[in-house]
Amino acid sequence: AGPLALARDLLAEDGEPFFVLNSDVICEFPFAALASFHRHHGGEGSIIVTRVEEPAKYGVVVSEPDSGRICRFVEKPRVFVSNKINAGLYMFSPAILRRIQLRPTSIEKEIFPAMAQEGQLYAMELQGFWMDIGQPKDFLTGMCMYLHSLRIQHPERLHSGPGIVGNVLVDPSAKIGANCIIGPNVTIGAGVVVEDGVRIKRCTVLKGARIRSHSWLESCIVGWSCSVGQWVRMENVTVLGEDVIVNDELYLNGANVLPHKSIAESVPEPRIIM
Amino acid sequence: VLNADVCSEFPLQEMLDFRQRHGDAHSFVMLGTTALRARQGAQALNCGGIVANADTHEVLHYVEKPSTFVSEIINCGIYLFTPAIFQHIGDVFRRNQQELVLEENSNGWQRAEVIRLEQDIFTALAGSGKLYVYKTDGFWSQIKSAGSAIYASRLYLNQYSQCHPERLAQNKPGGPIIRGNVYIHPTASVDSTAVLGPNVSIGKGVTVGAGVRVRESIVLHGASLHDHTCVLNTIVGWDSTIGRWARVEGTPSDPNPNDPYAKIDSETLFRDGRLTPSITILGCSVTIPAEVVILNSIVLPHKELSRSYKNQIIL
């Protein structure tokens with residue numbers, strides 16, 4: 001919350017409410033519905049909540065069923081109180097800035113409980129998918145959910161063609177070679193080059209990366225500007241940081257590689273390469 | 001007389017010539033080679049140790065599988081005898097029979113049946129002026145484990161490159177990319193986008209698809225490698241199939257490649273309860289499905305696999 005105080009002048013400038021988002025979540029981002037909900041109740045803050053199967057793993061939100069006014073928060077409840085958790089998307093009125101001091105502040109622990117007591121916080125339930133994508137494994141799951149939702153809402157944005165299987169998103173500036181099979185559940189960023197005979201499943205390939213010919217990738221995240229060699233096999237949530245080079249003919253199983261490294265040997269069992 | 005589990009230049013003519021120069025009409029010649037200095041402990045203890053006169057090359061002392069270090073010259077298991085050897089075998093046999101009568105040990109029945117060339121014949125012949133050793137600098141290795149075949153193949157292909165280069169595959173326009181020493185049987189069909197070698201042998205009637213990579217491997221006849229596969233440190237059995245984008249990989253267990261005299265140690269199959277990483281072997285008519293990885297595994301014949309395997313023996 002401290003950063004909000006830092007941006008106080010910019011945020012309070014026109015007196016309008018503003019959105020705040022955790023950057024490690026993915027969902028359909030219902031900004032219009034949230035703005036309308038926020039204006040309707042007139043309180044200082046709106047929180048998007050999402051329904052989960054195992055609320056005891058999270059902090060849950062207890063709210064009035066009709067108005068959505070939040071009564072309280074309960075952290076990791078041992079008995080069932082609610083199955084709604086904070087989805088990490090908010091809308092605030094500038095009045096909230098009075099509550100935030102210029103110091104490291106946890107908005108959930110310090111600001112929200114007081115606002116809930118005063119009846120100033122309201123919860124809006126999220127429709128559709130939601131995923132915390134802080135961990136690489138969950139990032140890929142979230143990516144699959146996002147692509148699925150694209151298929152339903154905007155199928156024209158997905159890629160199709162020879163060798164494309166299922167939901168695949170490809171930047172227009174990317175190049176895919178001959179005899180490749182890409183998908184299902186693959187996203188390919190700007191300027192990426194995928195050479196001939198490459199098989200990619202359930203991966204994110206970030207901007208500027210190159211995947212050389214005959215390689216096989218499943219459940220990986222390939223960082224910006226990486227170069228993956230020929231006949232490389234990568235699987236099991238292998239993550240390559242920015243500008244990583246993987247030599248030809250290697251096998252990476254669950255390797256987490258920090259940026260700017262060069263990999264010259266196979267990693268047959270999951271580990272971190274620093 | 002040759003042990004069948006060795007690979008060598010087999011300098012038989014040189015052994016004959018040597019015998020003419022150094023021995024007499026009745027002498028026997030044993031082929032010897034030098035064990036790796038740094039690994040003399042392990043290597044020399046697994047073979048026969050030969051102590052010889054440096055000038056006459058007569059064998060003065062011989063110990064089979066000694067428990068202490070004897071000599072850096074080891075017995076290659078390749079011998080040149082005359083029919084006079086049968087006389088010596090007979091002598092040893094009769095001597096053993098007599099000792100058996102004197103022995104009260106119940107193991108005596110074994111000794112009467114068995115005569116061991118190394119322990120019984122050579123140890124007796126050493127120092128008698130009848131046994132000589134011809135030391136070779138040519139390549140020699142035991143091939144006791146399945147994986148050793150890859151190492152032996154490398155030595156033979158290297159031999160070809162020096163003496164019979166026409167037998168090895170060359171880079172040609174429209175042909176596959178060849179790196180190092182590669183043998184391709186004339187009936188094999190290899191796509192021009194494949195990259196083969198170093199140390200690859202492709203057998204009769206083998207099919208190698210587009211974009212295939214094979215390195216340090218032997219592909220036996222009738223096998224089929226589908227597009228984009230990667231085969232490293234593997235022996236692919238007769239008539240086996242490897243599906244698209246599959247990776248079949250073993251681990252080499254070579255001695256130090258920088259030492260020309262290095263030899264492979266025989267290893268135990270398991271260490272600390274786990275299978276020691278070794279060359280991957282596919283038996284005959286094995287089917288590997290597309291897109292899997294088979295790592296450090298041994299697959300028995302006629303198996304049709306359905307998923308990836310690592311460090312396993314698949315029965």
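Keep in mind that the numbers below use all heavy atoms, side chains included, and drop hydrogens, waters and symmetry copies. Residue numbering restarts at 1 for every chain, and letters A, B, ... go by the order of the sequence lines. Note that the coordinates shown come from a computational prediction; the quantities given were computed from them, not determined experimentally.
- Only the side chain of S266(A) comes within contact range of chain B, judged by heavy atoms closer than 4.5 Å.
- Around the NE2 atom of H159(A), the shell of radius 6.0 Å holds more than 12 heavy atoms that belong to other residues, nucleotides or ligands.
- Of the residues considered (T229(B), V292(B), T193(B)), V292(B) shows the highest number of contacts with chain A, using heavy-atom pairs under 4.5 Å.
- Residue-level contacts of residues 205-218 of chain B with chain A, in order of numbering, are G211(B), V212(B), R213(B), R215(B); threshold 4.5 Å between heavy atoms.
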Do any side-chain atoms of residues 196-210 of chain A form donor-acceptor pairs under 3.5 angstrom with protein atoms, and if so which ones, sequence neighbours left out?
from: D196(A); atom 1: OD1; to: A178(A); atom 2: N; distance (Å): 2.8
from: R199(A); atom 1: NE; to: E291(B); atom 2: OE1; distance (Å): 3.4
from: R199(A); atom 1: NE; to: E291(B); atom 2: OE2; distance (Å): 3.0
from: R199(A); atom 1: NH1; to: I181(A); atom 2: O; distance (Å): 3.0
from: R199(A); atom 1: NH1; to: G183(A); atom 2: O; distance (Å): 3.0
from: R199(A); atom 1: NH2; to: G183(A); atom 2: O; distance (Å): 3.4
from: K201(A); atom 1: NZ; to: E291(B); atom 2: OE1; distance (Å): 2.9
from: R202(A); atom 1: NH1; to: S219(A); atom 2: OG; distance (Å): 3.2
from: R202(A); atom 1: NH2; to: T141(A); atom 2: OG1; distance (Å): 3.4
from: T204(A); atom 1: OG1; to: T187(A); atom 2: OG1; distance (Å): 3.3
from: R210(A); atom 1: NH1; to: E195(A); atom 2: OE2; distance (Å): 2.6

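- Residues of residues 306-315 of chain B that come within less than 4.5 angstrom of chain A, heavy atom to heavy atom, are S308(B), K310(B) in numerical order.
- Residue-environment remark: CD (E53(A)) stays at or below the threshold of 12 foreign heavy atoms within 6.0 Å.
- Inspection of non-hydrogen atoms places R179(B) of residues 175-191 of chain B under 4.5 Å from chain A.
- Heavy-atom neighbours of E265(A) CD from other residues, nucleotides or ligands within 6.0 Å: at or below the threshold of 12.
- Closest heavy-atom contact between S215(A) and W245(B): O-NE1, 3.7 Å.
- Dense packing is recorded around CD of Q153(A), with more than 12 heavy atoms of other residues, nucleotides or ligands lying under 6.0 Å away.
- Heavy atoms only, all atoms of each residue included: V293(B) and Y251(A) are closest at CG1-OH, 3.8 Å.
- Only the side chain of E235(A) comes within contact range of chain B, with at least one heavy atom under 4.5 Å from a heavy atom of that chain.
- Under a cut-off of 6.0 angstrom, the local environment of CD in E304(B) is sparse, with at most 12 non-hydrogen atoms contributed by other residues, nucleotides or ligands.
- Atom CH2 of W130(A) has more than 12 heavy atoms from other residues, nucleotides or ligands within 6.0 Å.
- In this structure, the separation between CD on E249(A) and CZ on R247(B) is 8.0 Å, given to the nearest 0.5 Å.
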- Please step through side chain to side chain contact (heavy atoms under 4.5 Å, CB included) for the pair V195(B) and W231(A), ending with a clear verdict. CA-CA 11 Å; V195(B) 179; W231(A) 290 288; 3.3 Å; yes
